[in-house]
Amino acid sequence: MHWADVLAEELLKKQTKHVLATGITPSGPIHIGNMREILTTDAVYRCLIEKGGDAEFIYICDDYDPLRKVYPHLPSSYQQYVGKPLSEIPCPCGKHTSYADHYLVSFLGSLHTIGVNPRVYRASEMYCRGDYNESIQIALENTTKIRNILETLSGRKMPKDWLPYNVKCETCGRLSTTHPSLYEFPNVEYTCDCGHDGEVDIRKSGQGKLPWRVDWPARWRMLGVTFEPCGKDHATVGGTRETGAKISEEVYRYPPPGLLVYEFILLKGMGAMHSSKGTAVSGEDMLRMTPPEVLRFLIMRNQPNRHIVFDSGLGLLTLVDEYDKEEGVYFGKEAEIKGMKEFKKIYELSQPYHIQKKMPLHLPYRHLVTLNQIAKTWSELKEILMRTGQLPKKLTKEDEEHLRQRAEHVRYWLDTFAPDEVKFEVKETLPDITLTEEQRTMLSIFKGKIPDLSWEPEAIHNAIYELSEQTKIPIKTAFSAIYQILLGQERGPRAGFFLSNLSKQFVLKRVTEAVK
RNA sequence: GGGCCUGUAGCUCAGCUAGGUAGAGCAUCUGGCUUUUAACCAGGUGGCCAAGGGUUCGAAUCCCUUCAGGCCCGCCA
């Protein structure tokens with residue numbers, strides 16, 4: 001059974017109604033780990049629905065969290081906002097209503113692309129609307145209990161007059177610089193590093209926030225959460241997962257949800273992804289270079305508790321090939337490979353939206369890498385494919401859209417992470433190169449042959465071989481001459497294939513210029 | 001100090017949530033193909049499943065111990 005089915009069945013044993021939650025703080029651009037949290041939840045959600053469960057998928061945007069520091073992606077002027085809730089900090093680009101919104105909007109866009117559309121809650125709204133008021137009061141009244149749980153389980157020492165409540169300073173608006181000192185219903189007294197001392201009435205909303213370790217369990221009860229994945233960073237002994245479960249049970253009297261721990265996604269050769277460290281491959285990059293169904297495939301085929309190594313180089317091409325292979329097997333066009341388990345379920349879960357009735361058109365992904373460097377736009381690319389008979393005459397809308405999307409992803413990959421060895425550029429004019437005498441001879445014979453040559457990969461390839469024999473120059477040298485006059489480099493994509501995708505006139509013209 | 005993950009062919013890994021003859025891709029070798037961005041086709045070689053113990057008629061798979069590597073936590077979240 002697929003892991004998502006196993007989890008769904010475990011949940012259904014308890015009850016049929018479920019609320020699956022994910023919570024991600026919009027403190028910066030989406031990263032790959034977030035993707036895993038979202039997609040893991042989505043997989044369980046889909047399985048629950050499929051098995052007749054009554055499930056809801058929610059996303060809680062922790063936009064009331066204070067800005068921790070000036071992250072690498074921020075201008076240094078953001079120093080003044082450190083400590084303020086993300087929802088009350090101006091947008092870095094100026095187009096959104098707040099800092100949090102800036103990242104939330106693109107995050108939700110990314111989710112939509114990969115086929116995830118949860119119900120969105122914003123912590124800032126929940127706090128300001130008063131949803132948390134009761135939870136805050138419960139927490140404050142159980143200060144000793146919470147304090148004991150935290151000190152016992154996590155082994156950390158809390159300050160003497162610690163309270164499970166972070167006041168937002170009425171003067172400077174910061175959450176992280178205040179020190180609550182005394183709670184006497186309904187007031188919390190506090191001092192702030194900005195010099196302001198005061199007290200807030202917790203019956204009024206939006207005056208402060210529960211610390212994370214308390215906020216999490218409070219929210220479970222409030223929203224009826226029954227399942228939530230968490231990264232392994234939370235899963236350590238004495239970590240938030242453990243203290244959260246205890247606080248949920250003993251303070252909020254709510255059975256803690258199933259807290260699935262997922263492993264991190266590592267980058268090949270770079271280690272773990274981390275939201276605040278500014279890593280080499282952002283989630284955005286990953287989404288733009290990986291087709292959505294392939295990204296889902298990557299998550300779905302791996303058990304959540306195993307780490308995944310994402311290779312943004314040639315490994316990406318292999319991943320897409322593997323996806324296509326699996327697709328072929330799913331539609332019965334290719335034989336199943338021994339040891340390929342759960343391929344059916346994995347394929348289904350990999351689809352962002354619906355499953356196609358017919359198998360999508362396959363074009364080798366590596367080939368798209370070549371074509372994308374010959375054609376500049378999708379319409380040019382399509383024209384080449386049509387002209388060379390690589391596409392069926394009647395191209396369905398779905399297939400065209402599928403190919404166009406893949407072409408876009410390939411293009412982004414080429415612009416960013418593709419290794420140099422797969423890159424080339426068809427030069428607009430004859431590159432500044434020096435050909436040997438024998439190469440010139442070969443090319444001039446080739447020039448004579450072109451007009452009558454059937455412009456197909458094999459024919460072209462054979463013609464070059466004949467030339468090599470005729471002129472007695474090594475085949476390598478012959479190929480090299482062709483790459484040099486077109487690309488200005490020694491090597492290139494498979495010659496026959498490559499040339500057939502260029503127009504005959506263009507090649508003839510270039511060869512003519514080269515032997516002048 | 002603690003937690004999680006990993007250890008299966010030369011390399012990358014699947015198989016471990018069904019205990020029942022050890023799998024794939026790459027590499028290598030053979031044959032075919034006039035042989036290029038990690039070419040294609042057919043076939044072959046290749047494994048004490050990290051080590052040890054236990055459960056079992058039967059263990060890569062379940063349990064315990066050990067070893068090695070990776071990541072995370074021990075500020076905040």
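Computed from heavy atoms alone, side chains included, the values below leave out hydrogens, waters and symmetry copies.
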Handout entry: Rounded distance in Å - NE2 (A:H367) to P (B:rA38)
Key = 15 Å
Problem - Parallel, tilted or perpendicular: ring planes of A:Y127 versus A:Y132, cut at 30 and 60 degrees - result: parallel
Practice task
Identify, between A:Q373 and A:P211, the residue whose nearest nucleotide on RNA chain B lies closer to the 5' end.
Solution key: A:Q373
Exercise for the section: Give a yes or no on whether the ring-centroid distance for A:H367 and A:F497 is below 6.0 angstrom. Expected result: yes
Exercise for the section: Compare the minimum distances between each of B:rU17, B:rG70, B:rU36 and the side chain of A:Y483, then state the nucleotide with the smallest one. Expected result: B:rU36
Handout entry: Rounded distance in Å between the C1' positions of B:rG3 and B:rA39
Key = 47 Å
Practice task
Starting from the 5' end of RNA chain B, give me the residue, A:E466 or A:V6, whose nearest nucleotide shows up first.
Solution key: A:V6
Problem - Integer angstrom distance from the C1' of B:rA22 to that of B:rC41 - result: 27 Å
Exercise for the section: Flag the pair A:Y190 / A:Y165 as yes when their ring centroid distance falls below 6.0 Å, and as no otherwise. Expected result: no
Exercise for the section: Pick the P atom in B:rA9 and in B:rG25, then give their distance to the nearest Å. Expected result: 16 Å
Practice task
Indicate, with a heavy-atom threshold strictly under 4.0 Å, whether A:T318 touches base, sugar-phosphate, or nothing.
Solution key: base
Completion exercise
Considering only heavy side-chain atoms of A:H461, the closest of B:rU35, B:rU36, B:rA38 is B:rU35
Exercise for the section: Rounded off to whole Å, could you give me the CZ-to-P distance for the A:F479 and B:rU34 pair? Expected result: 13 Å
Practice task
Looking at every strand, decide which applies to A:F498 at a 4.0 Å heavy-atom threshold: base, sugar-phosphate, or nothing.
Solution key: nothing
Exercise for the section: Give the ring-plane orientation class for A:Y483 versus A:F479, where under 30° counts as parallel, over 60° as perpendicular and anything between as tilted. Expected result: parallel
Problem - Spacing of CG belonging to A:N372 relative to CH2 belonging to A:W413, to within rounding of 0.5 Å - result: 10.5 Å
Problem - Complementary nucleotide of B:rA68, counting Watson-Crick and G-U pairs under 3.5 Å - result: B:rU6
Problem - Rounded distance in Å between the P positions of B:rA68 and B:rA27 - result: 35 Å
Problem - Separation of A:L11 CG from A:L20 CG (nearest 0.5 Å) - result: 7.0 Å
Handout entry: Nearest-Å distance for atom pair CD/P, residues A:E242 and B:rG3
Key = 11 Å
Fill in the blank from the handout: To the nearest angstrom, the CD-C1' distance between A:E263 and B:rG70 comes to 9 Å
Problem - Sole residue of A:L349, A:D324, A:I346 in side-chain contact (heavy atoms from CB on, under 4.5 Å) with A:F297 - result: A:I346
Exercise for the section: Taking atom P in both B:rC49 and B:rU61, compute the distance separating them and give it to the nearest angstrom. Expected result: 10 Å
Fill in the blank from the handout: When A:I299, A:L260, A:L39 are each screened for side-chain contact (heavy atoms from CB on, under 4.5 Å) with A:P304, the one that passes is A:L260
Exercise for the section: Looking only at side-chain atoms of A:R494, point me to the closest of B:rA38, B:rU17, B:rA39. Expected result: B:rA39
Practice task
Considering only atom P, compute the distance from B:rG52 to B:rC40 and round it to an integer number of Å.
Solution key: 40 Å
Problem - Whole-angstrom distance between B:rC33 and B:rC16, as gauged at atom C1' - result: 42 Å
Quick one: which protein N/O atoms are closer than 3.5 Å to N/O atoms of nucleotides 60-63 of chain B? Pair and distance per line, please.
none

Exercise for the section: Describe the nucleic acid contact of A:G239 in one word from base, sugar-phosphate, nothing, applying a heavy-atom distance below 4.0 Å. Expected result: nothing
Practice task
Could you work out which one of B:rC4, B:rA38, B:rC76 sits closest to the side chain of A:R68?
Solution key: B:rC76
Handout entry: Closest nucleotide among B:rA38, B:rU36, B:rU34 to the A:Y465 side chain
Key = B:rU34
Practice task
Could you tell me which nucleotide pairs with B:rG43 by Watson-Crick or G-U wobble geometry, both distances under 3.5 Å, or answer none if nothing does?
Solution key: B:rC29
Fill in the blank from the handout: Separation of B:rC40 atom C1' from A:D321 atom CG, nearest Å, is 14 Å
Practice task
Measure from NZ on A:K209 to C1' on B:rC76 and round the result to the nearest Å.
Solution key: 12 Å
Problem - Span that lies between the C1' atom of B:rC11 and that of B:rA38, in whole angstrom - result: 13 Å
Handout entry: Whole-Å distance separating the CG atom of A:L86 from the P atom of B:rC76
Key = 18 Å
Exercise for the section: Specify the separation, in whole Å, of atom CZ of A:R366 and atom C1' of B:rC40. Expected result: 14 Å
Problem - Partner nucleotide, any strand, of B:rU34 [Watson-Crick/G-U, under 3.5 Å] - result: none
Completion exercise
To the nearest 0.5 Å, atom CD of A:E293 lies from atom OH of A:Y347 at 8.0 Å
